[in-house]
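For reference, the structure discussed in these notes is given below.
Atoms within each ligand, like the ligands themselves, are counted from 1 in listed order.
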Amino acid sequence: MAVSSSGELPLVAVCQLTSTPDKQQNFKACSELVREAARLGACLAFLPEAFDFIARDPDETLRLSEPLGGNLLGEYTQLARECGLWLSLGGFHERGQDWAQTQKIYNCHVLLDNKGSIVATYRKTHLCDVEIPGQEPMCESSSTLPGPSLEPPINTPAGKIGLAVCYDMRFPELSLKLAQAGAEILTYPSAFGFVTGPAHWEVLLRARAIETQCYVVAAAQCGRHHDKRASYGHSMVVDPWGTVVARCSEGPGLCLAQIDLRYLQQLRQHLPVSQHRRPDLYGNLSHPLS
Ligand SMILES: O=C(O)CNC(=O)[C@H](CS)NC(=O)CCC(=O)C(=O)O
């Protein structure tokens, strides 16, 4: 059980920012939020999808991308170590092992521990290729390859975390799979659009929390990134009952939430939906996680 020696519940911080094509400026904004999170006593800080940058077009996205061993991740390693907290880096534009052949990247959710070591990576498996009237068309696959697999949930000081990214939240099979594999916290770092945001964002996040009986943490991009792109914001933490227990206000900033795993366990006992499933009717997502 993730309770600190003083008996207090672990505190997590959800960071919201407006990434631009300027990587250095974005790092500065993120590191200030992370330092603030550490000062406020968080053991884990969540940064949104595209915390590293949001580019103007696919060519610029590819040009600005780096491998996991590059300078930018090096800076985050140092930051985690200095601040002594864990970091969920919600969507790093990653040049993978296959970069030389493919010239495409992965949208990689990287989890660092408080020593700055990479403890897990998950590469976004559902890419957002959508054209919604009133919103800039999105074609993530023009620069990005879909990840090959899900990642088993990882133990952290706040609980066992299942990794996902943004558009993945629309696929409940993925969240059920992570919950079945032991996740207590699901994460959806995001850069949500302005048309789908008001209609779907909170409903999807609360539905994922209620049906899996997990905490859901969603750090979001907000505001105008450049002349062609803006994001919905509304970063939040939802508890396993479906209550929004923390939300960011408008603009860059952070919010905090306590993670109460005893409450989660009690809720799962009182309302044991996972024992009431009917895999005979619809299958059981039986393919094991790695
Ligand atoms: O482009 C980057 O650099 C980083 N990636 C993103 O911002 C991605 C792909 S365009 N955005 C989403 O998945 C939004 C999903 C969404 O808005 C919805 O599901 O309604």
Whether the side chain of Thr243 engages the backbone of Asp239 through a donor-acceptor N/O pair (distance < 3.5 Å, no angle test) should be reported.
no
Verify, without hydrogens or angle tests, whether Glu184 (side chain) and Leu261 (backbone) share a donor-acceptor contact under 3.5 angstrom.
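Side chain of Glu184 to backbone of Leu261: no pair is present.
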Applying a 4.0 Å heavy-atom criterion (strictly less than), which segment of [X] is in contact with ligand 1: side chain, backbone, both, or neither?
| X | result |
| --- | --- |
| Arg229 | side chain |
| Cys166 | side chain |
| Glu49 | side chain |

Among all protein heavy atoms, pick the one closest to [atom] and tell me residue, atom and distance.
| atom | result |
| --- | --- |
| atom 17 (O) of ligand 1 | Gly193 N, 3.0 Å |
| atom 10 (S) of ligand 1 | Met138 SD, 3.7 Å |
| atom 19 (O) of ligand 1 | Arg170 NE, 2.7 Å |

Look at ligand 1 and say whether [X] reaches it with a heavy atom at a distance under 4.0 Å.
| X | result |
| --- | --- |
| Gln221 | no |
| Gln135 | no |
| Glu136 | no |

Is the ring pair Tyr232/Trp201 parallel, tilted or perpendicular, if the boundaries are 30 and 60 degrees?
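Tyr232 vs Trp201 ring planes: perpendicular.
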Pull out every atom of ligand 1 sitting under 4.0 Å from any heavy atom of [X], numbered as shown with elements.
| X | result |
| --- | --- |
| His93 | 2 (C), 3 (O), 4 (C) |
| Lys124 | 8 (C), 9 (C), 12 (C), 13 (O) |
| Tyr167 | 13 (O), 19 (O) |
| Thr196 | 17 (O), 18 (C), 20 (O) |

Evaluate the criterion ring pair (Phe, Tyr, Trp, His ring centres under 6.0 Å) for residue pair Phe51 and Tyr76; output intermediate values, then yes/no.
CA-CA 11 Å; Phe51 68 94; Tyr76 278 99; 5.2 Å; yes
Picking from Arg123, Glu49, Glu94, His93, what satisfies side-chain hydrogen bond (donor to acceptor under 3.5 Å, both in side chains) with Asn107?
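Only one of Arg123, Glu49, Glu94, His93 forms a side-chain hydrogen bond (donor to acceptor under 3.5 Å, both in side chains) with Asn107, namely Glu49.
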Quick check: His126 with Tyr167 (ring centres under 6.0 Å apart)?
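Not under 6.0 Å, so no.
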Going by an N to O cut-off under 4.0 Å, is there a salt bridge joining Glu136 and Arg229?
no
Side-chain heavy atoms of Leu204 within contact of Arg170, under 4.5 Å:
yes
